[in-house]
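Take a look at the structure below.
So that the names make sense, note that chain A is the first sequence line, chain B the second, and so on, each numbered from 1. Note that the structure is a prediction, hence the values are computed from the model and not measured.
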Amino acid sequence: MLDSGFIRDNVEVVRAGLRSRGLDPDRTLEEIATLETARRRMIPEVEALKRQQNTSGDEVARAKRLGQNTTEVQEANRARAQQIKQLSIQLDSIKHQLQQALLGLPNLPHRSVPVGKSADENVEVRRHGQPRSFDFDPKAHWDLGPELGIIDFERGVKLAGARFTVLSGAGARLSRALINFMLDLHTKEHGYREVEPPFLVNSASLVGTGQLPKFEHDLFKIAGDWDLYLVPTAEVPLTNLHRDEILDARDLPIRYTAYTPCFRSEAGSYGQDVRGLIRQHQFDKVELVKLSTPERSYDELESLTLNAEEVLRRLELPYRTMVLCTGDLGPSMAKTYDIEVWLPSQKTYREISSCSSAEAFQARRANIKFRTAGAAKPEFVHTLNGSGLAVGRTLIAILENYQEKDGSVKIPVALRPYMDGKEAIAPVR
RNA sequence: GGAGAGAUGGCCGAGUGGUCGAUGGCGGUGGUCUUGAAAACCACUGAACCUGUAAGGGUUCCGGGGGUUCGAAUCCCUCUCUCUCCGCCA
């Protein structure tokens with residue numbers, strides 16, 4: 001959420017920022033300006049009446065103590081109470097409309113973000129590792145997995161439906177190994193605190209991080225009389241840990257990591273990545289979240305991105321890091337780096353992590369502030385998050401990049417301690 | 001699922017219709033004292049919004065919403081949450 005005062009004072013900056021996302025914000029901005037003006041006109045009106053009412057009430061109390069007649073004042077107050085109530089209802093309605101309009105606006109891109117219309121205009125910032133050259137045709141994971149007997153697509157469909165999958169044997173073990181490997185790296189070497197949050201969250205949490213009110217169709221909602229949704233990412237519970245709190249500047253930056261399953265309805269993605277594990281309704285992810293002061297937040301974004309990349313470096317998987325252009329940036333985010341891992345079967349780099357700063361956009365929605373000793377007022381924190389990494393896609397990358405001509409898959413050295421020293425997964429006969 | 005109790009400032013805890021934003025304690029910050037520290041003493045110690053360059057001024061907030069009243073932390077209704085006991089359960 002953008003600050004209405006900031007919008008008022010910087011309409012052109014806001015307009016330009018929203019346009020760079022490919023939006024036409026004129027009508028919304030006009031609506032916001034109208035509501036904001038009305039709000040600021042009405043508040044002093046109502047407050048003046050309340051003040052009269054307070055003074056008058058004190059007079060009644062004083063007069064009653066002296067045993068005087070107060071009927072007239074009381075009559076006047078009764079009328080004024082009615083007036084106050086009516087105006088307050090109007091004012092509340094204006095505030096509500098303003099809030100809804102503000103919640104619907106996306107974040108402004110950071111000035112360092114390249115301007116562009118679509119993912120085609122994202123810019124590569126670095127690349128690591130060489131895609132391996134195969135002396136045979138590398139298979140896709142949707143062939144390798146079943147041949148190894150570790151991914152079962154059919155039974156996933158039987159149990160739940162399309163875009164659900166069963167991992168078993170070495171597949172399930174590899175997934176768990178990856179989760180542990182990632183959590184160990186981030187907690188022991190990168191300074192994150194491990195958290196196990198609820199996998200269901202309420203709507204206030206989802207408003208806080210920006211999934212609601214606009215993107216309800218991407219979520220799985222619990223049926224019945226519950227205000228609960230399956231988490232689409234651990235970003236939601238981790239960022240909301242400090243919702244409605246004022247933190248001490250000395251405790252910042254706060255770094256959290258969590259493993260959670262993630263649930264997404266993937267509405268509107270029909271026909272995309274229908275084969276394999278790339279796009280599922282349920283997938284595992286180790287998430288990184290930071291709360292930072294505004295001054296440090298872009299340094300923190302750089303280090304968070306490197307923390308995520310480190311997973312791929314240790315696993316010796318080739319990747320590249322892209323900075324998303326304005327047109328491809330998620331609504332809540334001011335700047336995003338996507339990390340893309342090489343997939344031999346597709347002969348291309350595919351997204352495996354997304355590391356972003358929301359600046360104060362989420363903090364304003366979730367009301368997360370910090371106080372600096374001696375400062376007059378608390379300030380909003382900056383929130384950052386990134387996948388560190390998406391487990392399913394990492395598993396795919398290992399299968400495809402580490403496959404051998406005989407159909408077996410080697411296990412990356414860094415992962416072997418988590419696999420009882422096992423060096424390879426062999427195909428079933 | 002059944003029965004009961006409760007929700008007040010960072011924390012504990014008073015307050016049952018009229019200067020109550022709210023007594024007191026703890027914690028925190030600053031100061032006095034001390035070579036330093038502790039103790040003791042003194043002062044300060046919430047947030048949001050409106051107005052103002054600022055200093056300042058004003059309004060609101062005692063879990064949320066609604067009601068009664070000239071006036072509500074205090075009375076009524078409702079919702080949410082927490083706790084205790086019973087039942088069930090990993």
For this session: Flag yes if more than 12 heavy atoms outside A:Glu295 fall under 6.0 Å of its CD atom; otherwise flag no.
Result: yes
Exercise. Can A:Arg62 and A:Glu59 be said to form a salt bridge (charged side-chain N to carboxylate O under 4.0 Å, His left out), step by step?
Worked result: CA-CA 5 Å; A:Arg62 204 173 305 126; A:Glu59 274 167 25; 5.4 Å; no
For this session: Determine the Euclidean distance between corresponding P atoms of B:rA48 and B:rA55; express it in Å to zero decimal places.
Result: 16 Å
Exercise. Where does the angle between the aromatic ring planes of A:Tyr192 and A:His190 fall among parallel (under 30°), tilted (30 to 60°) and perpendicular (over 60°)?
Worked result: perpendicular
For this session: With heavy atoms under 4.0 Å as the rule, sort A:Ala76 into base, sugar-phosphate or nothing.
Result: nothing
Problem set entry | A:Tyr319 side chain reached by A:Ile352 side chain, heavy atoms, under 4.5 Å | no
Exercise. Judged by atom type as modelled, is there a donor-acceptor pair below 3.5 Å linking the side chain of A:Arg21 to the main-chain atoms of A:Asn107?
Worked result: yes
Exercise. Taking OP1 and OP2 of B:rU69, is either one under 4.0 Å from a side-chain nitrogen or oxygen of A:Asn77?
Worked result: no
For this session: For the side chain of A:Arg51, starting at C-beta, report the closest nucleotide among B:rU68, B:rU59, B:rG46.
Result: B:rU59
For this session: Can you tell me, in whole Å, how much space there is between the P of B:rU74 and that of B:rG15?
Result: 15 Å
For this session: Whole angstrom is fine here: how far is it from CG in A:Asp58 over to P in B:rU69?
Result: 20 Å
Seminar exercise, completed: As its Watson-Crick or G-U partner within any shown strand, both distances under 3.5 Å, B:rC85 has B:rG2
Problem set entry | Spacing of A:Asn54 atom CG relative to B:rG58 atom P, expressed in whole Å | 11 Å
Problem set entry | Euclidean distance, atom CZ of residue A:Arg371 to atom P of B:rG28 [Å, nearest integer] | 15 Å
Exercise. With nearest nucleotides of RNA chain B determined for A:Arg78 and A:Lys85 from heavy-atom distances, which residue corresponds to the more 5′ nucleotide?
Worked result: A:Lys85
For this session: Pick the P atom in B:rG71 and in B:rC61, then give their distance to the nearest Å.
Result: 13 Å
Exercise. Separation of A:Leu228 atom CG from B:rU80 atom P, in whole Å?
Worked result: 13 Å
Exercise. When you compare B:rG21 with B:rG36, how far apart are their P atoms, in angstrom units rounded to a whole number?
Worked result: 44 Å
For this session: Answer yes or no: is there a side-chain heavy-atom contact under 4.5 Å between A:Arg365 and A:Thr209?
Result: no
Seminar exercise, completed: Using Watson-Crick geometry (N1-N3 plus N6-O4 or O6-N4) or G-U wobble (N1-O2, O6-N3), each under 3.5 Å, B:rA90 is paired with none
For this session: Could you give me the CA-CA distance, side-chain angles and deciding distance for A:Arg163 and A:Glu266, then say whether salt bridge (charged side-chain N to carboxylate O under 4.0 Å, His left out) is met?
Result: CA-CA 9 Å; A:Arg163 296 193 196 271; A:Glu266 298 291 350; over 6 Å; no
For this session: Would you classify A:Val60 as touching base, sugar-phosphate or nothing, given that sugar-phosphate means primed atoms plus P, OP1 and OP2, and contacts are heavy atoms under 4.0 Å?
Result: base
Exercise. When the distance from CH2 of A:Trp226 to P of B:rC81 is rounded to whole Å, what number comes out?
Worked result: 8 Å
Exercise. So what's B:rC41 paired with, Watson-Crick or G-U wobble, going by both distances under 3.5 Å?
Worked result: B:rG31
Problem set entry | B:rU68 pairs with, by Watson-Crick or G-U criteria that keep both distances under 3.5 Å | none
Where do N or O atoms of nucleotides 50-54 of chain B meet protein N or O atoms at under 3.5 Å, pair by pair?
residue : atom : partner : partner atom : Å
B:rC50  : OP1  : A:Arg39 : NH2          : 2.7
B:rU51  : OP1  : A:Arg40 : NH1          : 3.0

Exercise. Quantified in whole Å, what is the C1' atom distance between nucleotide B:rC12 and nucleotide B:rG17?
Worked result: 27 Å
Seminar exercise, completed: Result for 5'-nearest mapping on RNA chain B, choosing between A:Ser56 and A:Lys50, is A:Lys50
For this session: Examine distances only and state if a side-chain atom of A:Asn122 and a backbone atom of A:Leu324 form a donor-acceptor pair shorter than 3.5 Å.
Result: no
For this session: Please report, rounded to the nearest Å, how far the P atom of B:rU59 is from the CG atom of A:Leu49.
Result: 12 Å
For this session: Could you tell me the separation between the CG atom of A:Leu247 and the C1' atom of B:rA47, rounded to a whole number of Å?
Result: 15 Å
For this session: Return the orientation label for the A:Phe164 and A:Phe220 ring planes: parallel under 30°, perpendicular over 60°, tilted otherwise.
Result: tilted
Exercise. For A:Arg41 and B:rC49, what is the distance between atoms CZ and C1' respectively, to the nearest whole Å?
Worked result: 17 Å
Seminar exercise, completed: Paired to B:rA55 by Watson-Crick or G-U wobble criteria (both distances under 3.5 Å) is none
Seminar exercise, completed: Scanning all shown strands, the Watson-Crick or wobble mate of B:rG63 with both distances under 3.5 Å is B:rC79
Problem set entry | Pairwise C1' distance, B:rG9 and B:rG2 [rounded to whole Å] | 36 Å
Exercise. Closer than 4.0 Å, any side-chain N/O of A:Lys369 to the OP1 or OP2 of B:rA48?
Worked result: yes
Problem set entry | Nearest-Å distance once atom C1' is located in both B:rG10 and B:rU68 | 35 Å
Exercise. Do any side-chain nitrogens or oxygens of A:Lys377 fall under 4.0 Å of OP1 or OP2 in B:rC49?
Worked result: yes
For this session: For B:rC89 versus B:rA73, give the span between their C1' atoms, rounded off to a whole number of Å.
Result: 40 Å
